[in-house]
Amino acid sequence: MPELPEVEVVRAGLEPAVTGALITSVDVRDARALTRHSGTPEHFETELTGRRIVAAVRRGKFLWMPLAADAADPSTPDEAIVTHLGMSGQMLLRVPGAPPERHERIRLEVEHPEHGPLSVVFADQRTFGSLAIDALLATPDRAAGGRGSALPVVPTQVAHIGRDPLDPAFDAAAFRRRLARTSSGIKRVLLDQTAASGIGNIYADESLWAARIHPETAASTLPTRAVNRLLAEVQAVLEKALAEGGTSFDAQYVNVNGQAGYFAHSLNAYGRTGQPCPRCGRPIVRVSFMNRSSHFCPRCQRVR
DNA sequence: GGAATAACCTGGATGC
DNA sequence: TGCATCCAGGTTATTC
């Protein structure tokens, strides 16, 4: 499932292909891919045609492509195409005229000043992902909105999302304060994108395993040392997954060229129910949690 | 206002 | 072989 590393791989793949590109046409093939867009599919198509993309930016699991207010001046974006991949969304780069992808929802035809014409395809099996045109707002801390652009702006739909742990402007002290005042289990807080973004079920399980913390430990009971260890493990897990191209279990996550990542081979807890813990040998257990699953080692990760 | 839960959705896996 | 059911999970609206 696309979490921070997977979305970052997609962003990095899109960046050289779309930065500076002019959108020449838009084809919305399935309106369900516009659930975050306030207008009609026709509005989406006509509003984007003729606009110039100035960057590919990411915060957490959100990806956006800022659009120049004036096609001749890329320094002043006022809106962006906001993308969330949901559970199965893909952003693919194809040559113009390429046959439709399975589950293709939206196709943008762009003209890049150096690379020429290109198709940017949004495909999504489970239709939890979506695209939208959204206004850009100034960031409250005046830091860059996300990775991929130095501009201190963020789409309105992303403004409520906290910075991710790999963001240079991530406020670790604020994250510690957030944990200190909530009685919820630590995994629930990790999945709350307003506390810290980019962490989903896979990397929450992996980070908690690495930090030896039980997922249901009340966040407020964690000592500062444990929170610092957890943050360090979150960052390490995300960095390692990013270096390995993300986690792919099936065809649900691929990069812009349709290739899978390798981090699934490095998982220690997630999806390893019944297999020995790599640290102590005790079988990894799976429990139901928030309509999904938690995987942990009952010996290494004990409830405090 | 904080916390917990349900709903949305599709296709592969599993069981009968 | 075919059908029914379960399961995966990110976000958000709703409920408590």
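Quick note on labels: first sequence line is chain A, next is B, and so on, each numbered from 1.
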For A/H160 and C/dT11, is the shortest distance between a side-chain N/O and OP1 or OP2 below 4.0 Å?
no

For a quick check of understanding: with a heavy-atom distance under 4.0 Å over all strands, which category does A/R188 fall into, base, sugar-phosphate or nothing?
base

Strictly below 4.0 Å: does A/H84 bring a side-chain N or O up to OP1 or OP2 of C/dT11?
yes

Under 4.0 Å between a side-chain N/O of A/T127 and OP1 or OP2 of B/dC8, yes or no?
no

5' priority, DNA chain B, between A/R181 and A/H103 [closest heavy atom]:
A/R181

Given that A/R32 and A/G185 both sit by DNA chain B, which one's nearest nucleotide is further toward the 5' end?
A/G185

C/dA8, OP1 or OP2 - any side-chain N/O from A/R286 closer than 4.0 Å?
yes

Base, sugar-phosphate, or nothing: which does A/S183 touch, judged by heavy atoms less than 4.0 Å apart?
sugar-phosphate

Do A/E233 and A/R229 sit within salt-bridge range, that is, some charged N less than 4.0 Å from a carboxylate O?
no

Does OP1 or OP2 of C/dT11 have a side-chain N or O of A/Q193 closer than 4.0 Å?
yes

Under 4.0 Å: is that the gap between some side-chain N or O of A/S293 and OP1 or OP2 of C/dA8?
yes

Charged N to carboxylate O under 4.0 angstrom, A/D205 versus A/K187?
yes

For A/S130 and A/R36, does a side-chain donor sit closer than 3.5 Å to a side-chain acceptor?
yes

